[in-house]
Amino acid sequence: MKFNLSLPGSPARVSEIIIGKDVLEQVSGNLEKALGGRSAYWIWDEAVWPLWGRMAADLGWWRTEDRVIAFAASEPAKRLSAVEFLARRLITAGADRDSALVAVGGGVTGDVTGFTASIYMRGIPHFQVPTTLLAQVDSSIGGKTGVDLPDGKNLLGTFHQPRQVYVDPRFLKTLPDEELRQGMAEVIKSAIIGDEVLWKFVESHSQALRNRDEESLLRIVSASCLLKTRVVEADEKESGGRRVLNLGHTVGHALEKLSGFSLKHGDCVAVGMVVAAHLSCRLGAMQVSDLERIENLCESWNMPVRIPAQVSADAIVKAIQADKKRIGGKLHFILPVRIGEVIEYTGLENDELKTVLRLLGAAS
Ligand SMILES: NC(=O)c1ccc[n+]([C@@H]2O[C@H](COP(=O)([O-])OP(=O)(O)OC[C@H]3O[C@@H](n4cnc5c(N)ncnc54)[C@H](O)[C@@H]3O)[C@@H](O)[C@H]2O)c1
Ligand SMILES: [Zn+2]
C-alpha cells in the first residue's frame with residue numbers, strides 16, 4: 001500500500017508513505033531512483049542495529065558500511081549534542097549538500113535525524129524507516145522534527161517532511177511489550193478521533209496484535225497512518241485541524257512532566273483520553289457506554305486509566321497552564337463525542353477539570 005501526503009504549501013510538497021510486508025525489499029531500489037546517484041547516509045538507533053542491521057545489509061541498503069552511523073537514541077540523549085555528534089560524523093564520512101539521511105529506529109531516531117537533515121548544510125532530504133509502533137503510526141509522519149532541552153521536550157525543532165517513509169510491521173517482532181503498548185495508545189487515539197472501523201478491529205484482534213501477527217499489525221498501522229496523513233494534509237503547521245491529534249495529550253503531557261518522565265508517553269495519553277472521555281460525558285457530549293468502551297479497551301492493553309494518587313489535581317492544572325503559556329494560546333481541549341468523532345472545546349473551566357481529575361484518583 002502506498003499513499004502520498006500532499007503538502008502544496010511546503011517545499012517538500014509530497015511525502016510518500018509506503019506500507020507493507022515487503023517494503024524493506026524496495027528500499028534500496030527506490031532510494032537509488034529518488035536520489036539519482038547521490039549518497040544516502042544511514043542513521044541507526046544503536047539498540048536496533050544489532051537486531052536488524054544484518055537484514056538491512058543483506059537487502060543491500062548500502063554499498064559500504066562507512067555510510068552507516070549508529071547513535072544512542074534514547075530520550076535523554078535526544079539533545080542538540082546528538083545533532084552535533086551526527087553532523088560531525090557525517091562530515092567525516094564525506095556527506096555533502098547532495099547527500100540524504102535515512103533514519104532507522106523509533107521516534108527519537110526519526111526526530112533527531114529529521115532535525116539534523118533540516119539544518120545540515122542548510123538542509124538535505126531525509127527518509128524514514130520507523131521501527132517502533134509509535135514511530136510507524138505517529139512520529140515518522142507529518143514532518144515534525146526536534147530535540148529536547150533540559151527545560152522541556154521538543155523545544156527545538158523544524159518542519160521537514162521526509163521524502164519517503166517505509167513502514168514494515170516485521171520490525172515490531174522484536175519490540176518489547178511495553179513499547180508496543182505505547183504505540184497502541186496512539187492507535188486507539190486515532191480510532192477515537194476518526195475511525196470506528198479501526199476501533200472495532202482493535203477490539204476484536206487484540207490477541208493477534210499482541211502476538212505480532214503481521215496482517216493484523218499491517219491493518220492498524222495503515223489505518224492510523226492514513227488518518228494522520230489526512231489530518232496533517234489539512235493543516236501541516238498545526239494552526240487548527242491538526243490539533244485533533246492532541247486528544248489525550250493535554251493531561252498526558254502534564255502527567256509525563258510531573259512524573260519526571262518516569263511514566264511513558266503512551267500510558268500518559270491513555271489516562272488523558274480517559275479524562276477527556278469523562279469530561280465529555282459530564283458535559284453531556286458523549287454517552288457513558290462509549291466512555292466505558294474507551295476505559296475497557298485501554299485497560300485490556302494494561303494501560304493506566306487513573307491518575308497516580310501522588311499527583312494532585314492542582315499540579316496537573318498548573319502544568320497545563322504552563323504549557324498553554326508556552327504555546328501562547330487558549331487551552332484547546334479535544335473531547336470525544338463518540339468513537340470516531342471528536343470536537344475541540346475551548347470553554348473548559350479549571351474547576352470542572354479538577355473535579356474530574358480528583359474523581360479519577362488525583363490528590364486534592
Ligand atoms: N515528530 C513527531 O511528530 C512525533 C510524534 C510523536 C512522538 N514523537 C517523539 O517520538 C519519541 C518516542 O518515539 P518511540 O516511542 O519510538 O521511542 P524510541 O525511539 O525511544 O524507541 C523506544 C525504544 O524501543 C527501542 N526500539 C526501537 N525499535 C525497536 C525494535 N524494532 N525492536 C526492539 N527495540 C526497538 C529503542 O531502542 C528504544 O529503547 C519521543 O521523543 C517523542 O517526542 C515525535
Ligand atoms: Zn503522542
Side-chain angles (χ1 to χ4, degrees), residues 5 15 24 43-53 55-56 70-79 82 103-115 117-118 126 128-149 152-162 165 167-190 193 212 217 224-225 228-229 231-232 236-238 242-253 255-257 261 264-273 334:
L5 168 58
S15 203
L24 302 182
I43 314 292
W44 281 72
D45 174 341
E46 70 179 15
V48 178
W49 171 250
L51 302 170
W52 295 97
M55 176 211 67
F71 80 116
S74 63
E75 190 68 41
K78 190 179 153 182
R79 291 291 176 87
V104 191
V108 170
T109 309
D111 279 10
V112 174
T113 304
F115 187 46
S118 72
H126 75 116
Q128 299 255 347
V129 185
T131 63
T132 63
L133 181 59
L134 187 133
Q136 295 192 340
V137 299
D138 193 356
S139 63
S140 67
I141 295 169
K144 281 191 188 175
T145 82
V147 294
D148 304 337
L149 286 176
K153 276 183 69 170
N154 300 319
L155 292 178
L156 299 175
T158 54
F159 282 98
H160 193 56
Q161 293 293 341
V165 183
V167 182
D168 189 324
R170 95 181 73 162
F171 283 120
L172 307 182
K173 284 216 154 65
T174 55
L175 195 66
D177 287 347
E178 198 188 5
E179 296 299 339
L180 188 76
R181 189 174 82 226
Q182 307 312 313
M184 278 310 300
E186 302 286 357
V187 171
I188 291 173
K189 179 195 79 174
S190 300
I193 291 171
R212 314 292 203 273
L217 288 167
S224 307
C225 285
K228 179 155 185 191
T229 300
V231 171
V232 173
E236 186 191 4
K237 302 271 163 82
E238 199 163 339
R242 193 165 173 164
R243 279 200 291 264
V244 296
L245 299 172
N246 289 340
L247 171 66
H249 282 62
T250 310
V251 168
H253 282 149
L255 279 179
E256 244 183 307
K257 207 167 166 185
F261 295 94
K264 292 202 157 241
H265 178 75
D267 288 341
C268 293
V269 169
V271 179
M273 290 192 292
I334 306 299

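We count ligands from 1, going down the list as the structure has it; atoms in each ligand are counted the same way.
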Check [X] against ligand 1 and report side chain, backbone, both or neither, counting heavy atoms closer than 4.0 Å.
X: Lys144; value: both
X: Asp111; value: side chain
X: Asp45; value: side chain
X: Glu75; value: side chain
X: Thr174; value: both

Which ligand 1 atoms does [X] reach within 4.0 Å, using its non-hydrogen atoms?
X: Ala47; answer: 37 (O)
X: Lys228; answer: 3 (O)
X: Val108; answer: 11 (C), 13 (O), 18 (P), 19 (O), 20 (O), 41 (O)
X: Lys78; answer: 9 (C), 40 (C), 41 (O), 42 (C), 43 (O)
X: Asn154; answer: 43 (O)
X: Trp52; answer: 31 (N)
X: Leu51; answer: 32 (N), 33 (C)

Minimum heavy-atom distance between Asp267 and Gln182, given as atom pair plus value: N-OE1, 3.0 Å
Smallest separation among heavy atoms of Val112 and Val147, with atom names: CG2-CG1, 4.2 Å
No-hydrogen, no-angle side-chain donor-acceptor test under 3.5 Å, Trp52 and Thr174: yes
Any donor-acceptor N or O pair under 3.5 Å, side chains Lys144, Asn154: no
Can you tell me how far the [atom1] atom of [X] sits from the [atom2] atom of [Y], to the nearest 0.5 Å?
X: Asp177; Y: Met184; atom1: CG; atom2: CE; result: 12.0 Å
X: Thr109; Y: Lys78; atom1: OG1; atom2: NZ; result: 10.0 Å
X: Leu172; Y: Thr131; atom1: CG; atom2: OG1; result: 8.0 Å
X: Thr158; Y: Asp111; atom1: OG1; atom2: CG; result: 9.5 Å
X: Thr250; Y: Leu255; atom1: OG1; atom2: CG; result: 11.0 Å

From the candidates Gly146, Gly107, Gly266, the one that places a heavy atom nearest atom 13 (O) of ligand 1: Gly107
Leu24/Phe171 under side chain to side chain contact (heavy atoms under 4.5 Å, CB included): CA gap, chis, key distance, verdict: CA-CA 10 Å; Leu24 302 182; Phe171 283 120; 3.7 Å; yes
Among all protein heavy atoms, pick the one closest to [atom] and tell me residue, atom and distance.
atom: atom 12 (C) of ligand 1; answer: Leu134 CD2, 3.8 Å
atom: atom 39 (O) of ligand 1; answer: Glu179 OE2, 4.9 Å
atom: atom 35 (C) of ligand 1; answer: Leu175 CD1, 3.7 Å
atom: atom 4 (C) of ligand 1; answer: Ser139 CB, 3.3 Å
atom: atom 21 (O) of ligand 1; answer: Thr132 CG2, 3.7 Å
atom: atom 6 (C) of ligand 1; answer: Asp138 OD2, 3.6 Å

Option from Glu179, Glu256, Glu186 for which salt bridge (charged side-chain N to carboxylate O under 4.0 Å, His left out) with Lys264 holds: Glu179
Parallel, tilted or perpendicular: rings of His265 and His253 (30°, 60°): tilted
Test log, rule salt bridge (charged side-chain N to carboxylate O under 4.0 Å, His left out), inputs Arg79 and Asp148: CA-CA 5 Å; Arg79 291 291 176 87; Asp148 304 337; 5.3 Å; no
Rounded to 10 degrees, the angle NE2 of His249 makes with NE2 of His265 at the Zn ion (ligand 2): 100°
Under-4.0 Å heavy-atom contact between protein and atom 43 (O) of ligand 1: yes
Main-chain N/O of Val232 paired to Arg242 side chain as donor or acceptor, under 3.5 Å: no
Test item: Ser15 side-chain N/O and Pro162 main-chain N/O as donor-acceptor pair under 3.5 Å: yes
Whether Glu186 has an N, O or S atom under 2.8 Å from the Zn ion (ligand 2): yes
Ligand 1 contact by Arg170, heavy-atom criterion under 4.0 angstrom: no
Gln182 heavy atom under 4.0 Å from ligand 1: no
Thr131-ligand 1 polar pair, N/O distance under 3.5 Å: yes
